[in-house]
Amino acid sequence: MMFLCRWLTRACPQTFFDRAHLSAGTPWIDAGLSSLMPAVSHSDSPGIKKESANSLSYEDFTMRIISAERLRQAVEALILSVSRSLPSDVRAALQSALAEESSVQGREILRQLLANADYAEATGLPLCQDTGTAVFFVEMGEDARIDGAGLQATLETATRNAYASGYLRNSMCHPLTRANTGDNTPISLHLDLVAGDGLRIRFLPKGGGAENMSRCAMFAPSRGISGIRDFVLDTVRQAGPNPCPPIIVGVGVGGTFDLAPTIAKKALLMPLDMPNPDPDAAALEAELLDAINRMPIGPGGLGGTRTCLGVRLLLRPCHIASLPVAVNIQCNAARRGEICL
Amino acid sequence: MSAIHLTTPLHYEDLQKLKAGDRVTLSGIIFAARDVAHRRMIEALDRGAPLPFELDGAVIYYVGPTPPPPGLPIGSAGPTTSYRMDAYAPRLYALGLAASMGKGKRSAELRAALQKYGGVYLGATGGAAALLARHITAAEVIAYPELGPEAIRRLTVDKFPAIVIYDAHGGDVFPPI
Ligand code: SF4
């Protein structure tokens with residue numbers, strides 16, 4: 001057990017950093033960073049022996065092995081279904097927006113979006129032509145490991161395969177030359193190591209239009225809740241009709257410069273009909289939702305009372321000197337889905 | 001509200017009649033082009049090279065469609081956000097572009113160009129991409145195939161629904177926020 005723990009703490013962060021930046025066919029991605037990080041060989045980890053096809057043991061301790069092939073198939077199916085159908089809570093929110101919207105043009109847009117969701121589901125066409133950056137949030141039990149190609153490489157392969165077989169759009173390109181990578185990789189992977197041997201994979205294809213309207217700020221703590229509120233509302237105001245309203249607003253407060261946007265994006269995974277477990281966050285969500293829906297943006301930006309389907313807020317402790325705030329805007333094509341293996 | 005039916009290429013007189021907020025339907029040939037295709041077109045103009053299509057009276061649709069599944073001319077094909085083309089579009093309007101179609105607001109320079117050259121900016125419903133594709137009956141890559149989804153495509157459209165966002169007289173459909 002002790003050896004295993006040492007192996008895990010040594011190998012896992014290394015694995016994350018090393019592989020997070022590798023992608024077949026796109027050698028220009030972070031080659032510099034990868035070359036700075038020495039590779040760790042798993043095969044010579046001490047005290048580990050493979051017991052059977054789906055477990056790995058050390059003394060009294062067993063690791064669960066998940067086959068890369070099974071993972072790949074499950075993730076491909078996830079990508080295809082998520083790209084073609086709206087989550088039920090988002091659909092329900094569009095339906096109540098239609099019932100409540102006061103403007104004629106706004107109702108017309110909402111009707112089109114609901115009809116689009118029906119049509120996409122019936123035909124298998126993607127909900128939106130922007131099938132997004134493939135963003136994965138993975139919770140992986142420390143007692144599980146992926147056999148063969150490993151987690152990152154398997155997610156990359158599944159993405160490549162599903163975007164090709166599902167006639168989804170390849171939307172990733174070189175940041176300077178703008179040359180398309182041709183297979184929608186690299187993916188964006190957020191990995192949390194958790195207790196146990198489970199594997200939970202959440203997929204959020206993120207379109208560029210709404211992503212471009214997102215912002216992050218590092219406030220002085222004195223700005224407090226009113227600073228957070230003003231920043232969120234100003235971000236939505238600046239975005240106006242651009243991110244395909246009605247929108248969903250993910251807010252991340254706390255963490256560090258890098259983590260605030262990550263938790264803002266993670267907030268977009270929270271179902272719209274699930275109450276925020278944190279009462280302070282819940283109160284701020286309700287206040288922000290009300291304030292956004294009093295802006296005259298409306299569905300499609302054509303005016304109206306239903307600009308926003310929901311605000312989701314995640315909090316995280318931060319440094320005593322900091323108040324990081326990130327706003328990740330999500331569009332009406334708020335696709336997401338998950339699998340547990 | 002009934003829609004005004006427009007057939008491409010569009011004429012100056014037709015454009016002058018349009019008002020922000022008018023619903024229109026487009027039929028005929030339109031051209032799909034977005035970010036990199038615009039940069040390439042401007043580079044071509046700088047070199048004095050011909051553009052991949054005739055600009056006079058043309059409609060450019062800011063779209064990068066999904067690939068066509070078997071049996072369909074095109075995949076999902078909704079609008080992309082238009083402001084990204086603001087750096088390039090005024091020059092195209094100056095050369096005869098009649099309309100661009102996308103989603104979202106645009107720069108003061110673009111709006112000034114519309115008034116100066118008598119062009120319009122149309123909006124299609126962002127997010128209604130599968131539904132909108134039903135109005136595209138044929139699609140063919142005519143330039144820059146290496147750009148994949150960003151290649152220039154000639155699209156044949158049938159009653160493609162849109163709304164006039166900015167007209168040629170300074171009209172704007174978006175409420176001030
Ligand atoms: S912002 Fe969303 S709905 Fe709009 S085009 Fe992009 S992915 Fe589609």
Side-chain angles (χ1 to χ4, degrees), chain A residues 83-84 104-105 108-109 112-113 115-131 163-164 166-171 173 177-180 182 207-210 212-213 236-246 295-304 307 331-333, chain B residues 1 20-21 23 32 34-40 61-72 74-84 102-106 123-134 136 144-151 161 163 165 172-177:
Chain A
S83 303
R84 296 164 175 167
V104 177
Q105 313 92 291
E108 170 60 22
I109 298 286
Q112 287 174 19
L113 296 176
N116 185 69
D118 291 340
Y119 188 67
E121 206 141 329
T123 56
L125 281 170
L127 272 170
C128 187
Q129 81 288 339
D130 186 348
T131 47
Y163 274 70
Y167 302 94
L168 307 181
R169 194 182 79 182
N170 295 325
S171 306
C173 73
T177 67
R178 314 305 294 179
N180 200 294
N212 282 349
M213 298 295 113
V236 172
R237 194 177 294 116
Q238 300 277 331
N242 291 4
C244 296
M295 292 180 189
I297 299 172
L302 299 175
T307 299
C331 53
N332 67 64
Chain B
M1 204 193 325
R23 296 203 166 273
R34 49 173 292 162
D35 304 69
V36 183
H38 274 75
R39 195 176 80 194
R40 296 262 185 109
Y61 181 22
Y62 302 143
V63 60
T66 60
L72 289 180
I74 198 163
S76 293
T80 193
T81 324
S82 307
Y83 73 87
R84 297 193 313 269
K103 67 173 170 93
K105 59 194 171 179
R106 310 197 64 172
T125 303
L131 218 51
L132 287 171
R134 292 198 297 189
I136 302 173
Y144 319 140
E146 66 283 6
L147 297 183
E150 296 198 70
I163 183 167
I165 294 187
D172 173 2
V173 81
F174 293 135
I177 304 161

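To find a chain, count down the sequence lines: A is the first, B the second, and so on, and within it residues start at 1. Quantities reported herein were computed from a predicted structural model and do not represent experimental measurements.
For B:Pro65, the part sitting under 4.5 Å from any heavy atom of chain A is the backbone (N, CA, C, O) and nothing else. Both the backbone and the side chain of A:Ala115 come within contact range of chain B, judged by heavy atoms closer than 4.5 Å. Looking at B:Ile165, there are no atoms closer than 4.5 Å to chain A (heavy atoms on both sides), in backbone or side chain. Of the two parts of B:Pro68, only the backbone, made up of N, CA, C and O, holds a non-hydrogen atom closer than 4.5 Å to a non-hydrogen atom of chain A. With a 4.5 Å cut-off on non-hydrogen atoms, A:Ser83 does not touch chain B at all. A:Leu168 touches chain B through its backbone: at least one of N, CA, C or O sits under 4.5 Å from a heavy atom, while the side chain does not. For chain B, the nearby part of A:Ala239 is the backbone; its heavy atoms alone come within less than 4.5 Å.
Taking A:Gly298, A:Cys331, A:Pro296 one by one and counting their heavy-atom pairs under 4.5 Å with chain B, the maximum is reached by A:Pro296. Contact count against chain A (heavy-atom pairs under 4.5 Å) is highest for B:Gly78 among B:Gly78, B:Ala77, B:Gly75. Of all the listed residues (A:Ala120, A:Gly301, A:Ser171, A:Ala117), the one sharing the greatest number of non-hydrogen pairs under 4.5 Å with chain B is A:Gly301. For the set A:Leu127, A:Asp130, A:Thr131, the entry with the most heavy-atom pairs within less than 4.5 Å of chain B is A:Leu127.
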Check: Do B:Leu132 and A:Tyr119 pass the side chain to side chain contact (heavy atoms under 4.5 Å, CB included) test, and can you show the C-alpha distance, the side-chain angles, and the key distance before you say yes or no?
Finding: CA-CA 10 Å; B:Leu132 287 171; A:Tyr119 188 67; over 6 Å; no
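A donor-acceptor pair is defined here as one N or O able to donate and one able to accept, closer than 3.5 Å; such a pair exists between the side chain of A:Asn332 and the backbone of B:Gly126. With hydrogens and angles disregarded, a donor-acceptor distance shorter than 3.5 Å links the side chain of A:Arg169 to the backbone of B:Gly64. The closest donor-acceptor contact from the side chain of B:Lys105 to the backbone of A:Pro241 lies at 3.5 Å or more, if one exists at all. Distance alone, capped at 3.5 Å, places no donor-acceptor pair between the A:Asn180 side chain and the B:Gly148 backbone. With hydrogens and angles disregarded, a donor-acceptor distance shorter than 3.5 Å links the side chain of A:Asn116 to the backbone of B:Gly127.
At a threshold of 4.5 Å between non-hydrogen side-chain atoms, the residues B:Thr66 and A:Tyr163 do not count as touching. Looking at A:Tyr167 and B:Ser76, their side chains never come closer than 4.5 Å, going by heavy atoms from C-beta outward. A heavy-atom distance below 4.5 Å is found between the side chains of A:Leu302 and B:Val173.
Between B:Arg40 atom CZ and A:Arg178 atom CZ the span is 12.5 Å, to the nearest 0.5 Å. Taking CZ of B:Phe174 as the reference point, atom CG of A:Asn242 lies at 7.5 Å (rounded to 0.5 Å). Expressed to the nearest 0.5 Å, how far CG of A:Leu125 lies from CG of B:Leu72 amounts to 6.0 Å.
In this model, a donor atom of one side chain and an acceptor atom of the other lie less than 3.5 Å apart for A:Gln112 and B:Thr125.
Of all heavy-atom pairs between A:Gly240 and B:Ile177, the closest is CA-CD1, 3.6 Å. Smallest separation of non-hydrogen atoms from A:Gln129 and B:Ala129: OE1-CB, 3.1 Å.
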